[in-house]
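Just so it is clear, the structure is predicted and the values come from calculations on it, not from any experiment. Indexing begins at 1, ligand by ligand and atom by atom, following the structure's order.
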Amino acid sequence: MSGDSRGSWSGQVGFVLAAAGSAIGLGNIWRFPFATSQNGGGAFVLVYIAAVVLVGMPILISEVLIGRSTARNPVGAFRALAPGSAWPVVGMLGVVAGFVILSYYAVVAGWAFHYLFAAAAGRLTAPTTEGAQRVFDSLTGDLGRQVFWEAVFMATTIAVVARGIEAGIERASKILMPLLFAFLLVLLGYALTSPGAGEGLAFFLTPRFGDLGWAGVLAALGQAFFSLSLGMGAMITYGSYLEQEHSVVKAAGLIVAMDTAIAILAGLVIFPLVFTYGLDPSAAGPGLVFVILPEAFIRMPASSMLATLFFALLLFAALTSAISLLEVVVAYLVDQFGWTRARASWSAGIVIFALGVPSAVSSGFLGWADWIASEVMLPIGGFLIAVFVAWVLPLSTVRSQYEGASGVRGGFRAWRFCVRFVAPVAVAVILLQKVGLF
Ligand code: PHE
């Protein structure tokens, strides 16, 4: 299978945008704020940033190397690099993780869809006797409505993936991602001048290590994997469409910087508003942003318009991530079984849609699926990917892929040190601690 027939990015910028589109999603705006509030605020943020730099970025580079050197889906890539070994199982785990994550991701994205339409119809921001919390609870208690929006979201994702990752999504990302960033900056101005700003920033940024514990450290690590789309082959798949002339380090640095900036920005917006509107952040859980942002929008001028714009951007961010999740499964079915893209997208998408229904039925189930994926599957996948690149792949292959044809080899030794020792040891220790083995 030649690289040509599989297609490739238009260039370095196309790859960076698509990968950033995968990384930036509900993980940054929905998940990061509630994970932070449940795990010691600033203490969580510190561990999260350490995990991103020492574990996330090295593994991101590793995944791109695996994908680029083989131009294959995750299973095919391991098969090509380590024929006759058990390593392709790591790729299989990634495909399974794609099913698990996208199943509940589509339910949460469906919530955003619901809010988008409610906002556009002016229903979200009209003065209402029930609080924003009640609105959210009534949505999550309404199975039919959730499944409807889940289906709309999945159908959109499938339609894009079935057509191939063409210039459309690249071009749309180029416009919409900066717009999301700009919009968060506008909200930031509003949040920082709101009465709860001081308290909110203190909650977000003051380290409370007592509330962190090993469970919190694992949560921060899992958040790093989840937010950077690591540990399940999404970046292997996207790397497989990257051509040799580009520098992997530079691309990875940009992706990590953008993803982290959006998450921190989301925290700087959400927490001041949480305290302004008197919510209990540690109790709010997955409803946090869906409750607090509409609450804030109500008080703004042109509130319906702003709320509509915000949820549209959030949805777009979710869509570019969902596409990458489905793409892992589809690339596998297309490469390994010769299915057509359309057949693979629709079959896998419909199965994933069905798997998502339990998450719409029960938020407990959604939380469980999210936990299994982010704190078990992704860290284990990431650990194995790091071990593979650092200890199994020949150094010469790794070195030539790191540099590509770009001639940029900056940071090679630091990267290799992280990927050989720091990342695997950190992930192993944190996982084993949590299981109680120490
Ligand atoms: N990174 C995405 C987000 O933050 C989620 C994701 C995880 C996408 C794993 C692909 C793979 O929303």
Side-chain angles (χ1 to χ4, degrees), residues 16-36 48 51-52 56-57 59-60 63-64 67 73-74 91 93-112 153 157 160-161 165 169 173 176-177 180 184 219-239 252 255-256 258-267 286 289 313-332 348 352 356 366 369-382 385:
V16 169
L17 282 174
S22 168
I24 298 168
L26 297 173
N28 308 59
I29 294 164
W30 163 70
R31 202 175 189 287
F32 177 74
F34 83 75
T36 302
Y48 173 72
V52 162
M57 170 124 170
I59 292 180
L60 173 54
E63 287 203 25
V64 177
N73 69 92
L93 282 177
V95 173
V96 173
F99 277 89
V100 175
I101 298 177
L102 188 49
S103 72
Y104 72 86
Y105 202 87
V107 173
V108 178
W111 298 346
F153 181 78
T157 307
V160 177
V161 174
I165 316 267
I169 196 85
S173 307
L176 292 168
M177 287 296 157
L180 175 69
L184 279 174
L221 183 75
Q223 174 64 23
F225 278 105
F226 187 88
S227 192
L228 290 170
S229 306
L230 297 178
M232 50 86 60
M235 293 298 177
I236 296 180
T237 308
Y238 274 23
I255 296 161
V256 167
M258 288 192 268
D259 186 66
T260 308
I262 298 271
I264 301 289
L265 207 51
V289 297
L313 293 171
L314 179 61
L315 207 52
F316 186 80
L319 181 66
T320 53
S321 301
I323 286 168
S324 71
L325 285 160
L326 186 58
E327 179 63 22
V328 171
V329 180
V330 168
Y332 167 68
I352 290 168
L366 191 156
D370 181 47
W371 174 78
I372 282 283
S374 62
E375 297 189 20
V376 180
M377 301 183 84
L378 299 184
I380 291 177
I385 287 166

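In plain terms, the two heavy atoms of Leu230 and Leu378 that are nearest each other are O-CD2, 3.3 Å. Ile101 and Ala373 make their closest contact through CG1-CB, 3.5 Å (heavy atoms, listed as atom of the first residue, atom of the second, distance).
The shortest N or O to N or O distance between Gly27 and ligand 1 is under 3.5 Å. Residue contacts with ligand 1: Ser22 is placed with a nitrogen or oxygen under 3.5 Å of a nitrogen or oxygen of the ligand (distance criterion only). For a threshold of 3.5 Å applied to N or O pairs, the pair formed by Leu26 and ligand 1 contains at least one separation below that value.
Between Val256 and Val52, the closest side-chain pair of non-hydrogen atoms falls below 4.5 Å. Within the 4.5 Å cutoff, the side chain of Leu366 has heavy atoms near those of the Val108 side chain. A 4.5 Å side-chain heavy-atom check between Ile59 and Leu228 finds every atom pair outside the cut-off. Residues Tyr238 and Val64 form no side-chain contact, since every pair of their non-hydrogen atoms from C-beta on lies 4.5 Å or further apart.
Relative orientation of the Trp111 and Trp30 rings is perpendicular, given thresholds of 30° and 60° on the angle between their planes.
Near Gly25, the atoms of ligand 1 lying under 4.0 angstrom from a non-hydrogen atom of the residue are 3 (C), 4 (O), 12 (O). Residue Ser227 approaches ligand 1 through these ligand atoms, each under 4.0 Å from one of its heavy atoms: 1 (N), 4 (O). Shown in contact with Met232 at under 4.0 Å from a heavy atom are these atoms of ligand 1, numbered in order with element: 11 (C).
Summarising the contacts of atom 12 (O) of ligand 1 with Tyr238, Phe226, Tyr105, the nearest heavy atom is found in Tyr105. Closest heavy-atom approach to atom 4 (O) of ligand 1 within the set Ser374, Ala23, Ala109: this belongs to Ala23.
With a heavy-atom cut-off of 4.0 Å, Arg31 does not touch ligand 1 at all.
Counting only heavy atoms of the protein, atom 8 (C) of ligand 1 lies nearest to Ser229 OG, 3.2 Å.
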